[in-house]
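Below is one structure, written out as structure tokens; comments come after it.
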Number of protein chains: 2
Amino acid sequence: MPAERKGGVTISQVAEAAGVARSSVSRAYTKPHMLSPETVDHIKAVAKRLGYVPNHTARALSTGRNGNIALIVPDVANPFFPPLIRAAQAEAERSDLCVFLGNSEEDAEKEDKLLGRLSSQVEGVVLASPRLSDERILAHASRKPMVLINRNVEGIPRVLIDSGTGVAEATRHLAELGHKRIVYVSGPSASWSNKQRRAAARKTATALGLELSVISASVPSFEAGLQAVPSILSRKATAAIAFDDVMAQGILAGLAARGVSVPADFSVVGCDDALGALMVPVLTTVSGQSAEAGKVSVSLLMQLLQSDALGDACYMLETHLIARSTTSAAP
Amino acid sequence: MPAERKGGVTISQVAEAAGVARSSVSRAYTKPHMLSPETVDHIKAVAKRLGYVPNHTARALSTGRNGNIALIVPDVANPFFPPLIRAAQAEAERSDLCVFLGNSEEDAEKEDKLLGRLSSQVEGVVLASPRLSDERILAHASRKPMVLINRNVEGIPRVLIDSGTGVAEATRHLAELGHKRIVYVSGPSASWSNKQRRAAARKTATALGLELSVISASVPSFEAGLQAVPSILSRKATAAIAFDDVMAQGILAGLAARGVSVPADFSVVGCDDALGALMVPVLTTVSGQSAEAGKVSVSLLMQLLQSDALGDACYMLETHLIARSTTSAAP
DNA sequence: CTATTATGTGCAACCGGTTGCATGTCAACG
DNA sequence: CGTTGACATGCAACCGGTTGCACATAATAG
């Protein structure tokens with residue numbers, strides 16, 4: 001049923017119309033240097049007149065390359081990801097690749113299913129902030145070239161955003177402002193970033209003699225931040241570091257609702273710089289690098305596709321504190 | 001070069017191992033009712049043992065159906081779209097379709113290019129908030145089944161979010177609060193939604209005797225909202241209706257920066273309810289329906305793929321005002 | 001107990017390209 | 001002037017499935 005809506009011009013039709021072999025038409029597009037320039041011109045002219053468009057699928061079947069890659073993120077709606085997506089797409093386009101976007105909704109099982117469904121249609125996968133277990137990741141990586149973002153699995157090429165340094169800076173920043181009791185509002189426990197941030201906050205707090213307590217949330221959402229507020233206030237803390245900007249925003253809303261003014265009565269720090277500048281007061285946060293991560297991961301994947309083995313590549317991106325208006329001296 | 005990384009088990013290998021014809025293996029998956037139950041079981045067992053996975057590309061070549069659709073949006077980072085994307089994906093998955101996401105970056109030319117690149121790999125396209133000219137849209141629609149979101153081109157199935165009613169309500173709301181001079185902060189001029197909203201605001205304002213002026217911005221961003229503020233204030237208006245929530249947020253930030261307090265000194269209304277509840281003060285806005293639009297558009301596309309002609313379907317979604325905390329009586 | 005109809009499988013052509021190899025042509029070379 | 005390549009093109013097999021049709025066997029009807 002080769003309907004193809006309209007047109008459906010094939011290589012054979014072009015070949016016949018041009019009076020050449022099918023292979024020549026094929027080569028006119030893929031290996032023009034093998035043909036005489038005149039032949040190429042002639043074929044292309046005829047093809048154009050007929051409205052010929054090479055069939056991607058057929059090409060993929062014989063070459064084994066389909067020119068597609070998959071990008072799987074936990075949540076498109078989280079402002080951390082759009083810049084990453086955009087950068088990944090831009091980088092993919094440079095190599096003439098299309099990208100399938102998958103959305104795991106922060107759910108490991110869904111992520112697993114997505115990988116299964118998509119991997120048969122792509123040449124490689126970029127897995128951003130996976131919630132999956134190491135075993136499953138390794139299993140998938142063994143069948144398809146894969147690059148990880150923000151997940152440290154040895155043997156799989158990965159790009160890591162080292163938010164540890166930024167969070168440490170943030171903690172120090174709060175200490176310098178005179179805060180004594182601070183809270184870290186945690187994100188998804190399966191998230192590498194979260195572990196890293198929490199660890200950095202704890203280590204630095206201990207070193208500087210701050211009291212740090214941790215509040216857990218499973219999903220990094222505005223809601224989760226909002227709901228963490230009572231718990232934060234009950235701990236008598238004067239500052240909070242949130243897993244990400246979205247949660248920070250939730251926390252700010254919750255504080256405002258309770259009449260706690262920021263930064264006068266309470267200081268808040270976000271992470272990722274995803275919305276920092278898009279709110280009032282502008283948010284003190286840790287720089288994000290999500291776009292860079294998207295770009296690098298795709299280019300890494302492309303290397304992987306070409307040279308096959310790329311070993312244990314691990315690309316680390318630095319972060320630092322961006323002090324804006326939601327932090328000030330402890331009350 | 002049939003590398004395929006690992007495995008690479010084909011239907012032929014399964015057939016041989018199971019002692020049946022290739023066609024039987026094929027049918028075991030696609031038309032099991034044509035085979036005896038025992039044969040099906042046997043084949044599947046052998047296939048499983050060998051690790052056989054049907055090759056999507058090959059199937060697509062012979063059937064002409066690849067099980068993919070494309071979704072093109074102007075800006076993933078705009079909070080209006082993630083819910084739409086998610087809903088579209090969920091709906092697509094119900095029919096076992098994968099979705100390519102394209103990002104036109106609010107640029108008509110890029111949108112055109114994307115359509116060209118993607119359309120050869122998908123069965124149909126959902127084009128959300130296109131910036132392209134009617135002619136180009138029609139041209140693409142003639143080669144590929146297509147559904148439009150928020151663009152009214154006759155002859156192409158479309159789902160329209162009728163924000164006109166909601167904006168009219170918003171205008172009336174402001175009038176009732178005693179505002180006399182209001183501003184509509186416009187979005188992309190090529191956007192159907194924008195035209196509709198502007199028209200509704202203008203019409204209602206005129207009917208109620210309000211003075212309405214329009215300020216233009218080409219891209220609906222936080223930045224654009226921010227930059228519109230001086231212009232808004234210079235017009236001596238006491239309220240603004242923004243093209244969308246993101247711009248409204250920018251306007252709020254700009255007002256705050258100038259010490260204008262909302263809603264005491266100035267009222268702001270957004271559109272789409274994309275961030276309304278995610279900020280302080282919570283934003284008065286017009287309900288969005290973006291998720292519904294995503295869902296409906298995909299199901300419409302699927303109908304289109306099956307029954308081919310679906311005529312001049314036009315699915316209209318209603319909106320209404322959601323009064324929250326950024327509007328109050330005129331100062 | 002033969003004639004007829006279901007039912008289950010196999011054969012082979014096809015989807016639309018790609019590619020290794022063979023062939024033919026013509027110019028440069030010894 | 002015969003040989004050797006380099007170059008341009010054609011032939012045909014292949015990628016991995018799907019599907020119309022033929023055929024054999026079994027079930028049903030007459």
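Geometrically, B:K44 engages B:Y29 in a cation-pi contact, judged by NZ or CZ lying under 6.0 Å from the ring centre and within 45° of the ring axis.
For B:Y52 and D:dG17, the shortest distance from a side-chain N or O to OP1 or OP2 is below 4.0 Å. Remark: A:S24 is not in phosphate contact with D:dA8, judged by side-chain N or O atoms under 4.0 Å from OP1 or OP2. Under 4.0 angstrom from either OP1 or OP2 of D:dT9 there lies at least one side-chain N or O belonging to A:S36. Between B:S23 and C:dT9 there is no side-chain polar atom (N or O) within less than 4.0 angstrom of OP1 or OP2. Contact check, A:K31 against C:dT19: a side-chain N or O comes under 4.0 Å of OP1 or OP2.
Rounded to a whole Å, the CG atom of A:L35 is 5 Å from the P atom of D:dT9. In this structure, B:H33 places its NE2 atom 14 Å from C1' of C:dT9, rounding to the nearest Å. For the pair B:E16 CD and D:dG16 P, the interatomic distance rounds to 14 Å; values are reported in whole Å. Computed from coordinates, the A:N66 CG to D:dG16 P distance equals 14 Å when rounded to whole Å. In this structure, CZ of B:R65 is placed 18 Å from P of D:dG17, rounded to the nearest angstrom. Across the protein-nucleic acid pair, A:R27 atom CZ and D:dC11 atom P stand 11 Å apart, rounded to whole Å. Atom pair A:Q13:CD and C:dC15:P shows a separation of 10 Å (rounding to whole Å applied). Protein atom CD1 of A:I11 is 13 Å distant from nucleotide atom C1' of D:dG10, rounded to whole Å.
Salt bridge absent: B:K295 and B:E292 never bring a charged side-chain N and a carboxylate O closer than 4.0 Å. Salt-bridge formation is not detected for the pair B:E111/B:R131: no Lys NZ or Arg NE/NH1/NH2 atom is positioned less than 4.0 Å from an Asp or Glu carboxylate oxygen.
Distance alone, capped at 3.5 Å, places no donor-acceptor pair between the A:R143 side chain and the A:S120 backbone.
Of the candidates D:dT9, D:dA13, D:dT19, D:dT19 carries the atom nearest the B:S26 side chain, counting heavy atoms from C-beta on. For B:M34, the listed nucleotide lying nearest its side chain is C:dT9; candidates were D:dC15, C:dG20, C:dT9. Of the candidates C:dG16, C:dC11, D:dG16, the closest approach to any side-chain atom of B:A21 belongs to C:dC11. You'll find that the side chain of B:V20 is closest to C:dG10, out of C:dT9, C:dG10, D:dG16. Checked against D:dT9, C:dG17, D:dG17, the side chain of A:N55 finds its nearest nucleotide in C:dG17.
If one axis is set at each end of the helix from C:dC1-D:dG30 to C:dG30-D:dC1 from five pairs, those axes are 40° apart, to 10°.
Judged by distance alone with a 3.5 Å cut-off, no donor-acceptor contact links the side chain of B:R22 to the base of D:dG16.
When heavy atoms are screened at a 4.0 angstrom cut-off, B:T30 is found touching the sugar-phosphate backbone but no base atom. Note on A:T57: nothing from the nucleic acid sits closer than 4.0 angstrom, heavy atoms only.
Atom CG in A:L84 sits 6.5 Å away from atom CG in A:L71 (nearest 0.5 Å). Atom OG of B:S218 sits about 8.5 Å away from atom CD of B:E106, to the nearest 0.5 Å. How far CD of B:Q13 is from CG of B:L50: 7.0 Å, rounded to the nearest 0.5 Å. Here the straight-line distance linking atom CG of A:L118 with atom NE2 of B:H56 works out to 10.0 Å at 0.5 Å rounding. To the nearest 0.5 Å, the span separating CD1 on A:I69 from CG on A:L304 amounts to 11.5 Å.
Interface residues of residues 38-49 of chain B facing DNA chain C, ordered by number: B:T39; criterion, heavy-atom separation under 4.0 Å.
The minimum heavy-atom distance between B:A28 and B:L35, with the atom names listed, is N-CD2, 3.7 Å. When all heavy atoms are compared, the tightest approach of A:D312 to A:I156 is OD1-N, 3.9 Å.
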